[in-house]
Amino acid sequence: MKVSFQIKLFISLVAFFSVLFALLGGYYYVDVSRQLYQEMSTRAKIQAEEIALIPTLRKEVEEKDIKAIHAFMHQIADHSDASFIVIGDNNGRHLFHSAFEDRVGTTLVGGDNAEVLQGKNITTIRKGGLGISLRSKAPVFNDAGQVVGIVSVGYLTSYLDTITVSKVVNILIAAVLLLIALFIFSWYFTRSIKKQIFSLEPREIGLLVRQQKAMMESIYEGVIAIDAHLRIEVINQAARQLLGLQHPARELRGQLISEVINPVSFFTPQTMLAKDTHDEICRFNDLTVIASRVRIMLEDSLQGWVVTFRDRNEIDSLSAQLSQVKRYVDNLRIMRHEQLNRMTTLSGMLHMGRYEEAIGFIQAQSEHAQELLDFISSRFSSPTLCGLLLGKSARAREKGVELNFDPACRMEKPFAPLHEAELISIIGNLLDNAIEATQRAPLPHEPVEVLIKLNERELIIEVADQGVGIKPDIRERIFERGITTKTRGDHGIGLYLIDSYVTQAGGAIEVADNSPRGAIFSLFIPATGIAQRPAQELEDTDYAT
């Protein structure tokens with residue numbers, strides 16, 4: 001039968017303090033007995049010496065006036081707490097005994113009178129006529145300095161033991177009351193401990209700790225648990241690897257999170273207390289991560305937070321690749337569909353024998369496609385970006401929307417602050433939003449104006465449409481995850497990603513109303529990684545409006 005932790009702890013506390021009280025009681029009994037014997041021996045010695053110095057008694061002892069001695073000593077004995085007072089002569093015979101008057105004339109018992117008759121004071125424990133006693137003897141001198149008698153004052157050891165026991169009993173009563181109080185305290189204390197450990201047994205706690213350690217180390221994501229004072233409590237191996245930390249977990253435990261990860265808004269007290277967050281893109285040291293933060297609550301009391309994060313490049317790379325493949329497939333489908341329409345038209349003209357019209361149709365289509373291809377390929381060095389812009393242009397035409405590229409467009413070298421996948425995501429999402437917003441506007445659909453320009457200071461991306469615009473009630477929250485102006489489909493992530501990428505690169509976004517309707521999205525991403533506000537002069541650049 002297994003005994004619960006609460007019962008074990010209760011029994012252990014009670015047993016420990018019971019043994020402790022027993023040892024203290026024994027020590028106290030011995031110490032009290034020793035002190036009492038010492039005190040009573042001193043008291044007996046003082047009484048014997050003072051009685052021996054009384055002039056009247058000295059004279060009566062010298063004369064062996066038994067009647068006078070009895071009359072005088074009875075007065076003293078009545079006021080003394082001694083068990084007995086004995087007066088003897090210089091021959092060792094009783095002249096007075098406070099307890100037995102019939103012993104007058106008999107020999108003193110104990111055999112310790114020789115030294116006293118030589119003029120010395122002694123204190124001994126001997127067996128006398130009343131039993132074993134602690135007694136002190138003093139010599140009685142006459143005026144000539146000769147020993148003429150003996151004064152003996154004694155306390156029975158049984159009397160002393162009775163006093164000792166009475167004192168110890170009082171202490172034991174207090175100890176029993178204290179032990180009862182300890183029982184009550186131990187019971188409630190063990191209940192409190194049991195409650196704090198969620199009614200788990202120590203072996204269960206040990207198992208949970210081992211399971212937690214194994215679980216933490218098996219998680220691919222980085223996990224950091226911090227307390228309410230932002231000090232690290234737990235950090236797993238994945239987190240140390242992602243952050244490039246060489247120190248073992250035990251050395252990092254107790255450090256402020258700001259000492260391990262460069263201070264970011266993700267870990268400011270105001271942000272952490274405001275709300276939990278999930279899948280937020282931020283930068284930990286030199287690593288861009290997708291992080292989540294959840295509070296640890298215990299009985300409505302904040303105990304800390306658990307932060308999980310993973311390398312955004314590893315996770316988003318697959319998502320970006322899949323998204324890019326999807327775009328490429330979509331663009332190829334659109335271009336194939338458009339090309340089939342052209343080939344069908346051309347085939348019909350040839351079947352009808354209208355060769356001149358067929359040649360004119362081929363030349364017209366070739367000139368438009370070649371003109372757009374020449375413009376994009378000459379202004380942009382990235383093949384991926386060229387493919388994206390050509391595909392978006394074809395898709396827009398299929399949906400009845402025209403993309404107009406500003407003549408100032410130019411990007412002849414890679415842009416270091418942004419990965420190519422991030423740049424493609426930003427431009428692709430902006431163009432998709434503009435095309436869809438234009439589609440939802442009344443006919444005729446106005447063109448979407450596009451400006452993409454990289455100069456020495458910054459990258460400028462501006463997309464202007466004359467679509468349905470942005471509703472005032474969501475304008476302030478347009479970059480929050482899940483907020484969208486679209487009416488159907490799985491949306492609400494595009495602008496959130498754009499804002500995340502631009503913010504991480506140190507850029508800024510400006511959203512303005514277009515005239516007569518629609519919206520203008522202007523992005524300014526500095527080449528230095530430090531945000532520059534869009535109010536600065538932009539080298540006389542013509543913006544798409």
Side-chain angles (χ1 to χ4, degrees), residues 29-30 32-169:
Y29 178 82
V30 174
V32 167
S33 179
R34 180 184 58 81
Q35 291 184 11
L36 183 61
Y37 271 72
Q38 184 177 357
E39 178 184 344
M40 300 309 280
S41 65
T42 302
R43 183 181 298 183
K45 180 181 179 182
I46 292 173
Q47 290 186 59
E49 290 176 350
E50 289 181 347
I51 292 172
L53 293 175
I54 298 174
T56 303
L57 180 64
R58 291 167 59 191
K59 183 178 179 180
E60 294 171 347
V61 170
E62 184 179 8
E63 296 176 352
K64 298 183 180 180
D65 187 351
I66 295 176
K67 185 177 181 180
I69 292 173
H70 275 236
F72 181 78
M73 287 305 301
H74 273 302
Q75 295 179 9
I76 294 178
D78 291 341
H79 293 85
S80 175
D81 64 342
S83 300
F84 61 86
I85 300 177
V86 176
I87 305 296
D89 61 13
N90 54 358
N91 296 318
R93 294 182 177 277
H94 285 92
L95 295 177
F96 171 79
H97 197 298
S98 62
F100 301 106
E101 294 184 3
D102 57 351
R103 293 195 177 182
V104 176
T106 60
T107 304
L108 295 172
V109 180
D112 53 353
N113 298 319
E115 293 184 37
V116 182
L117 292 175
Q118 293 177 5
K120 298 180 179 179
N121 297 329
I122 64 171
T123 301
T124 60
I125 298 177
R126 296 293 177 90
K127 184 176 181 180
L130 294 175
I132 300 175
S133 62
L134 170 68
R135 54 192 181 178
S136 182
K137 294 186 175 184
V140 179
F141 295 96
N142 61 11
D143 293 338
Q146 297 176 341
V147 177
V148 295
I150 298 172
V151 177
S152 178
V153 179
Y155 293 90
L156 293 174
T157 55
S158 59
Y159 169 72
L160 299 180
D161 292 340
T162 301
I163 297 176
T164 302
V165 169
S166 65
K167 290 186 176 182
V168 171
V169 167

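What you see is a predicted model, and the numbers here were worked out from it, not measured in a lab.
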### Task
Measure the spacing between CE of Met73 and OG of Ser80 and express it to the nearest 0.5 Å.
8.5 Å
### Task
Can you measure from CD (Gln47) to OG (Ser136) and round to the nearest 0.5 angstrom?
9.5 Å
### Task
Provide the closest heavy-atom pair for Leu108 versus Gly88 in the form atom of the first, atom of the second, distance.
CD1-CA, 4.2 Å
### Task
Not counting sequence neighbours, list each pair that qualifies as a salt bridge (charged side-chain N to carboxylate O under 4.0 Å, His left out) and has a residue in residues 64-77.
Lys64-Asp89
### Query
Does the side chain of Ile87 come within less than 4.5 Å of Leu57's, by heavy atoms?
yes
### Within-4.5 Å side-chain heavy-atom neighbours: Asn121 and Pro139
yes
### Query
Just wondering, do Val86 and His94 contact through their side chains at under 4.5 Å, heavy atoms?
yes
#### Entry: Residues Arg58, Glu62; criterion salt bridge (charged side-chain N to carboxylate O under 4.0 Å, His left out); working and verdict
CA-CA 6 Å; Arg58 291 167 59 191; Glu62 184 179 8; over 6 Å; no
### Task
For residues Thr106 and Arg93, determine if any side-chain heavy atom of one lies less than 4.5 Å from a side-chain heavy atom of the other.
no
### Summary
dist Leu156:CG -> Arg135:CZ (nearest 0.5 Å) comes out at 10.5 Å
### Task
Determine yes or no for a side-chain-to-main-chain donor-acceptor pair under 3.5 angstrom, with Ser98 supplying the side chain and Ala77 the backbone.
no
### Query
Which distance, rounded to the nearest 0.5 Å, do you find between the OG1 of Thr42 and the CD of Gln38?
6.0 Å
### Message
Would you call the rings of His74 and His70 parallel, tilted or perpendicular, taking 30° and 60° as the class edges?
### Response
perpendicular
### Task
For the residue pair His97 and Val104, establish whether any side-chain heavy-atom pair is separated by less than 4.5 Å.
no
### Query
Val61 and Gly149: which non-hydrogen atoms are nearest, and at how many Å?
CG1-CA, 3.8 Å
### Task
Measure the spacing between CD1 of Ile51 and CD1 of Ile85 and express it to the nearest 0.5 Å.
4.5 Å
### Query
Does atom CD of Gln35 have more than 12 heavy-atom neighbours, drawn from other residues, nucleotides or ligands, at distances under 6.0 Å?
yes
#### Entry: Distance (rounded to the nearest 0.5 Å) between Arg43 CZ and Tyr155 OH
5.0 Å
